[in-house]
Enquirer: 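If you scroll down you'll find the structure; I have some questions about it.
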Amino acid sequence: MIYLQNMRIGFGYDVHKLVRGRKLILGGVHIPHYKGLLGHSDADVLLHSICDALLGAAGLKDIGHYFPNNEKKWKDISSLIVLKECHKHIKKKKLKIVNVDSTLILEEPRISPYINKMILNITKTLKIKPSQIAIKSTTSEGLGFVGTKKGCQAYTVCLLK
């Protein structure tokens, strides 16, 4: 029998609009594309969903509480810095990451060639092993705002101990 004593599950979600004139940054990786994600920071939906999952599992407030989108100091900040700061909050609660599992949803470009680089960025930032993180990508089969190439979304679950 497995006991999940002192284990905490977190869930994160983020969505951003795709627009011309912005870089597409996912998992801290610049992905060449004619559109990028609109947001106050670099709008990295993957890292934002990971941050919210980690913060939620720790019983903390959401990413917007720590990084309000109306504060100039966070304008255009790399979400890898945001992730690092969220990790500090997790460590203060004496929690460790067991695993992180994320899914990116967008029609284009293909994300699979960049996943290993994303994992490397995240593992370095969170000081975890590559085996502790999974990143998948899929499309929405032409349905909804993602399917019509108007946005990108990400879902993440994590386990802390």
Enquirer: Report yes or no: does K136 contribute a side-chain atom to a donor-acceptor pair with the main-chain N or O of S102 at less than 3.5 Å?
Expert: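 Yes, K136 side chain to S102 backbone: donor-acceptor pair under 3.5 Å.
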Enquirer: Among D44, D42, I25, which residue meets the side chain to side chain contact (heavy atoms under 4.5 Å, CB included) test with S78?
Expert: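 Per the side chain to side chain contact (heavy atoms under 4.5 Å, CB included) rule, the option paired with S78 is D42, out of D44, D42, I25.
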Enquirer: Is the number of heavy atoms from other residues, nucleotides or ligands under 6.0 Å of K93 NZ greater than 12?
Expert: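 Enclosed: over 12 neighbouring heavy atoms sit under 6.0 Å from NZ of K93.
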Enquirer: Under a 3.5 Å cutoff, is there a donor and acceptor pairing between the side chains of E107 and S140?
Expert: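 Yes.
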Enquirer: Are T123 and K129 side-chain neighbours, meaning at least one heavy-atom pair lies under 4.5 Å?
Expert: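 Counting from C-beta outward, T123 and K129 never come under 4.5 Å.
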Enquirer: For I63, does its backbone N or O pair with a side-chain atom of D52 as donor and acceptor, under 3.5 Å?
Expert: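 Yes.
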Enquirer: Grouping I, L, V, M, F, W and Y whenever their side-chain heavy atoms are under 4.5 Å apart, do I135 and L80 come out in a common cluster?
Expert: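 Shared cluster, yes.
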Enquirer: State the OG-CD1 distance between S137 and I105, to the nearest 0.5 angstrom.
Expert: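 Going from the OG atom of S137 to the CD1 atom of I105 covers 9.5 Å.
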Enquirer: Any side-chain heavy-atom pair from L26 and L104 closer than 4.5 angstrom?
Expert: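 The answer is yes; the side chains approach within 4.5 Å.
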Enquirer: Kindly say whether L60 contributes a backbone atom to a donor-acceptor pair with the side chain of H65 at under 3.5 angstrom?
Expert: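 No.
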Enquirer: Does L38 CG have over 12 foreign heavy atoms under 6.0 Å away?
Expert: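 Atom CG in L38 is crowded, with more than 12 foreign heavy atoms closer than 6.0 Å.
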Enquirer: List the steps and the verdict of side-chain contact (heavy atoms from CB on, under 4.5 Å) for L54 and L95.
Expert: CA-CA 10 Å; L54 293 171; L95 293 167; over 6 Å; no
Enquirer: Among the clusters formed by ILVMFWY side chains lying less than 4.5 Å apart, do V15 and I111 turn up in the same one?
Expert: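 No; I111 is not reachable from V15 via cluster members.
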Enquirer: Is the backbone of G28 close enough, under 3.5 Å, to the side chain of N121 for a donor and an acceptor to pair up by distance?
Expert: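 Present.
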Enquirer: Using a 4.5 Å cut-off on heavy atoms from C-beta on, say whether the side chain of L126 contacts that of L83.
Expert: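 When only atoms from C-beta onward are counted, L126 and L83 do touch, with a gap below 4.5 Å.
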Enquirer: I'd like to know if L55 and L159 are part of one continuous hydrophobic network [Ile/Leu/Val/Met/Phe/Trp/Tyr, side-chain heavy atoms within less than 4.5 Å].
Expert: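 No, L159 and L55 fall in different hydrophobic clusters.
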Enquirer: Taking only residues two or more places apart in sequence, or in another chain, which ones meet S49 in a side-chain hydrogen bond (donor to acceptor under 3.5 Å, both in side chains)?
Expert: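 side-chain hydrogen bond (donor to acceptor under 3.5 Å, both in side chains) list for S49, sorted by chain: T156.
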Enquirer: Partners of D76 by salt bridge (charged side-chain N to carboxylate O under 4.0 Å, His left out), sequence neighbours excluded?
Expert: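 Per chain and number, D76 pairs via salt bridge (charged side-chain N to carboxylate O under 4.0 Å, His left out) with R22.
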Enquirer: Hey, are the side chains of I133 and D101 touching, using non-hydrogen atoms and a 4.5 Å cut-off?
Expert: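 Answer no - side chains too far apart.
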Enquirer: Does the plane of the ring in F67 sit parallel, tilted or perpendicular to the ring in W74? Use 30° and 60° as the thresholds.
Expert: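 Answer is perpendicular, since the angle exceeds 60°.
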Enquirer: Between the side chains of H48 and D14, is a donor N or O closer than 3.5 angstrom to an acceptor N or O?
Expert: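 The criterion, which ignores hydrogens and geometry beyond distance, is satisfied for D14 and H48.
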Enquirer: Is there a donor in the side chain of Q153 and an acceptor in the side chain of Y13, or the other way round, less than 3.5 Å apart?
Expert: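 Yes, a side-chain donor-acceptor pair sits under 3.5 Å.
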Enquirer: Say you draw a straight line from CD1 of I128 to CD1 of I122; how long is it, rounded to the nearest 0.5 Å?
Expert: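 Going from CD1 on I128 over to CD1 on I122, the span is 8.0 Å.
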